[in-house]
Amino acid sequence: MKVEAKQEMESTKNLVTGADVLIDALVKAEVDTIFGYPGGAVLPIYDAIYRSNAPFEHVLSRHEQGSIHAAEGYARVTGKPGVVIATSGPGATNLVTGITDAMMDSLPLVIFTGQVANSVIGTDAFQEADVMGITTPITKYNYQVTDLLELPKVVKEAFHIASTGRPGPVVVDIPKNISSQLSDAVYDDHFVLPGYQPNKKPNPLQITKLTEALSKAKRPLILAGAGIVFAKASEPLIAFAEKFKLPVANTLLGLGSFPGSHELSLGMAGMHGTYAANMAIYECDLLINIGARFDDRLTGNLNHFAPAAKVAHIDIDPAEIGKNVSTEIPVVADAKEALQALLEAFAEPGDQVSWRDHLATYQREYPLWYDRSEGFISPQWLIEQVHQLSNGEAIVTTDVGQHQMWAAQYYPFEKPNRWVTSGGLGTMGFGFPAAIGAQLGAPEELVVSIVGDGGFQMTFQELSVVKEKRLPVKVIIVNNQALGMVRQWQESFYEKRYSESLFMENPDFVKLSDSYGIRGMRVEKEKDVPQVLQEALTYDGPVVVDCRVVQETSVYPMIAPGKGIHEMIGVRK
């Protein structure tokens with residue numbers, strides 16, 4: 001028996017598990033951070049993590065939604081794919097919201113989900129879910145590994161697809177028998193994707209058409225979207241705008257791609273954009289869209305969107321060009337490559353002084369405004385204080401709703417990769433875990449998470465992660481004891497029938513923070529805000545600040561549903 005046992009040990013000592021192969025592939029992909037939550041179908045993977053000396057950090061979230069949003073925050077700040085591991089069934093389905101969010105906002109993620117063994121797939125086995133069927137509509141691509149020999153190639157492909165072209169989430173579903181399988185095979189990760197070749201270089205003819213249109217335009221405008229940020233194209237964007245003296249409006253997700261304080265900046269356009277930015281879109285004769293997808297919250301009623309403009313659209317995803325807005329000059333290319341080509345092309349700037357003066361008048365006569373409160377804190381003023389006391393240099397994450405729009409309006413960004421918010425899907429609960437990922441991705445930076453009292457309660461269990469990892473995230477709760485944007489719409493369009501939008505009971509957020517071993521603070525008067533914020537922002541560790549703001553205040557200006565971009569309400573001269 002001893003001889004047989006020795007022979008068996010000799011025969012297996014050079015074998016590795018599929019999970020070991022996965023870890024090796026992650027190391028080769030230069031992964032430094034993984035967000036995850038273990039469960040039965042991924043136990044072989046977690047055992048391999050335990051046994052390995054891999055140079056990455058695993059972050060144990062307290063809910064899979066926390067994992068996926070943290071990975072999004074990491075991806076937004078670093079530009080690298082966020083990596084997530086979750087178990088089969090409910091573990092995988094708890095990721096669906098975050099995967100959809102990343103797909104809508106073009107964030108590179110690689111998600112590894114456990115799966116029941118191949119032999120029982122399709123039998124309704126314990127914790128089985130059809131991950132491929134569920135995630136096909138919400139991923140850039142997805143895989144289910146059926147052969148261990150394919151795993152290294154699949155992993156390498158997944159990272160390539162997630163981070164090239166238009167970024168997006170990729171799911172790799174790994175059955176438990178694959179991750180636990182023993183093998184001594186030599187693995188090859190070489191791959192060829194002939195059907196996936198994103199075009200980065202612009203067509204020279206289209207660049208010529210655009211420069212000719214620019215020379216003739218009297219009222220040109222740049223619309224800068226998130227594609228500028230993904231392409232690391234902020235510097236050529238600034239150079240292009242300055243060369244031709246072009247005013248720039250940003251989309252919500254494009255904030256920071258062009259300095260908010262620049263003399264050519266008009267601020268954010270869209271439903272809650274500035275009057276000047278929206279009127280510039282309505283009145284321009286040439287609209288140069290760079291890296292934005294013309295979503296409905298930007299355009300309003302399409303019949304009134306840029307009605308007098310020739311539209312040029314630069315986007316790396318050809319499917320977006322012409323999808324919502326008719327485009328006369330399509331440029332399928334990486335934003336940075338296209339901007340560099342435009343800078344190198346010869347073009348004579350048109351006479352646009354009167355156009356810039358016209359828009360400057362809009363900016364001067366119709367600025368953002370709000371009324372100061374005599375009781376609770378004015379939320380807009382609160383955001384201005386956060387901006388002032390952080391010197392405008394913080395990485396800011398938000399949930400979705402009124403506080404998100406106030407942050408977009410009153411915290412101008414000078415640099416890219418400092419604005420982390422949920423745009424297309426509008427996901428409550430996003431802001432706080434995204435701040436965790438942002439802080440891990442940029443450990444030396446000040447990270448401020450501006451959240452509502454509603455959204456924070458969806459994912460506040462991740463306070464355990466902040467405590468455990470000693471992350472100095474600053475949480476600013478804009479506490480109006482309501483689902484603020486829902487309440488605003490009920491006020492404006494439902495005759496103040498506040499159906500289930502007001503919180504009759506909220507937790508004591510200071511005690512809640514204390515229970516996690518995190519400093520909690522509360523501020524109720526405007527006179528106390530500067531001191532409390534200064535103390536929180538300079539505190540050596542995480543802080544949660546409960547800021548009691550006016551409940552019945554609204555985000556203005558606003559484009560009402562069905563109205564055109566020029567038909568804003570709440571504009572004050």
Side-chain angles (χ1 to χ4, degrees), residues 26 28-35 55-57 59 67-84 98-99 101-111 139-141 155-170 198 200 224-238 250-259 290-293 314-317 333-340 393-398 413-424 430 433-447:
L26 293 176
K28 289 181 179 178
E30 298 182 346
V31 171
D32 56 32
T33 307
I34 295 175
F35 304 91
F56 53 67
E57 178 180 13
V59 180
S67 295
I68 195 82
H69 293 328
E72 288 185 274
Y74 174 92
R76 175 75 73 182
V77 167
T78 66
K80 300 187 294 185
V83 180
V84 178
I99 297 172
D101 191 273
M103 185 67 176
M104 293 281 281
D105 289 352
S106 304
L107 293 174
L109 301 183
V110 179
I111 302 111
T139 53
K140 190 175 178 183
Y141 201 71
V155 173
K156 193 171 182 179
E157 278 186 16
F159 278 91
H160 176 71
I161 292 171
S163 57
T164 56
R166 180 180 182 174
V170 177
K200 296 186 69 174
I228 299 288
V229 179
F230 299 139
K232 297 180 174 59
S234 289
E235 289 187 10
L237 171 64
I238 295 168
N250 279 110
T251 66
L252 173 67
L253 293 181
L255 292 173
S257 64
F258 192 78
I290 310 175
R293 60 186 180 83
I314 299 170
D315 205 297
I316 200 162
D317 184 356
D334 174 83
K336 189 173 186 178
E337 297 278 358
L339 282 165
Q340 288 174 339
E393 296 179 354
I395 292 172
V396 176
T397 77
T398 77
F413 293 90
E414 300 300 305
K415 300 176 184 177
N417 302 108
R418 291 181 174 272
W419 172 237
V420 183
T421 196
S422 172
F430 171 91
I436 292 173
Q439 189 74 80
L440 286 163
E444 303 303 317
E445 300 288 346
L446 171 64
V447 176

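- The heavy-atom pair separating Gly256 from Ser234 by the smallest distance is O-OG, 4.2 Å.
- Checked against Ile314 for a side-chain contact (heavy atoms from CB on, under 4.5 Å), the options Ile290, Leu339, Asp334 give a single hit: Ile290.
- Closest non-hydrogen pair, Asn250 versus Ser257, comes out as ND2-OG, 2.9 Å.
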### Query
After noting the C-alpha distance and the side-chain angles of Lys80 and Asp32, does the key distance pass the side chain to side chain contact (heavy atoms under 4.5 Å, CB included) rule?
CA-CA 10 Å; Lys80 300 187 294 185; Asp32 56 32; 2.7 Å; yes

### Message
Pair Phe258, Ile228 - check side chain to side chain contact (heavy atoms under 4.5 Å, CB included), show working.
### Response
CA-CA 9 Å; Phe258 192 78; Ile228 299 288; over 6 Å; no

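- Here the CG atom belonging to Leu446 is positioned 7.5 Å from the CD atom belonging to Gln439, to the nearest 0.5 angstrom.
- Scanning both residues, Phe413 and Ala394, for their nearest heavy atoms gives CE2-O, 4.3 Å.
- Proximity of Glu57 to Leu440: side-chain heavy atoms (C-beta onward) are separated by under 4.5 Å at one or more points.
- Here the closest non-hydrogen pair linking Ala75 and Gly82 is CB-N, 3.9 Å.
- A donor-acceptor contact shorter than 3.5 Å is absent between the side chain of Asp105 and the backbone of Leu107.
- Residues Val110 and Ala162 approach most closely at CG2-CB, 4.0 Å, considering heavy atoms.
- When every heavy atom of Ala233 is checked against every heavy atom of Ala335, the shortest pair comes out as CB-C, 4.2 Å.
- Between the side chain of Arg418 and the backbone N or O of Glu393 there is at least one donor-acceptor pair closer than 3.5 Å.
- Proximity of a side-chain donor or acceptor of Thr139 to a complementary backbone N or O of Val170 within less than 3.5 Å is not detected.
- For the atom pair Lys415 NZ and Ile395 CD1, the distance stands at 10.0 Å (nearest 0.5 Å).
- Separation of atoms NZ (Lys28) and CZ (Phe159) is listed at 13.5 Å; rounding is to 0.5 Å.
- Taking the six-membered ring where the residue is Trp, Tyr74 and Phe35 present perpendicular rings, their angle passing 60° and hence far from 30°.
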### side-chain hydrogen bond (donor to acceptor under 3.5 Å, both in side chains) evaluation trace for His69 with Glu72
CA-CA 5 Å; His69 293 328; Glu72 288 185 274; 2.8 Å; yes

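- Judged by distance alone, with hydrogens and angles left aside, the side-chain atoms of Asp315 form no donor-acceptor pair with the main-chain N or O of Ala333 at under 3.5 Å.
- With sequence neighbours excluded, the residues that form a ring pair (Phe, Tyr, Trp, His ring centres under 6.0 Å) with Tyr141 are Tyr143.
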### Task
Report the C-alpha distance between Arg293 and Leu253 in whole Å, list the side-chain angles of each, state the deciding distance to 0.1 Å, and finish with yes or no for side chain to side chain contact (heavy atoms under 4.5 Å, CB included).
CA-CA 11 Å; Arg293 60 186 180 83; Leu253 293 181; over 6 Å; no

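- Side chain of Trp419 to main chain of Leu252: a donor-acceptor pair is present (N/O by atom type, distance under 3.5 Å, no hydrogens or angles).
- Within 6.0 Å of the CD atom in Glu235, the count of heavy atoms belonging to other residues, nucleotides or ligands does not exceed 12.
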### Task
Could you please spell out the steps behind the side chain to side chain contact (heavy atoms under 4.5 Å, CB included) verdict for Ile99 and Leu109?
CA-CA 8 Å; Ile99 297 172; Leu109 301 183; 5.7 Å; no

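- Residues that satisfy the side chain to side chain donor-acceptor pair (under 3.5 Å) test with Lys140, not counting sequence neighbours, are Tyr196.
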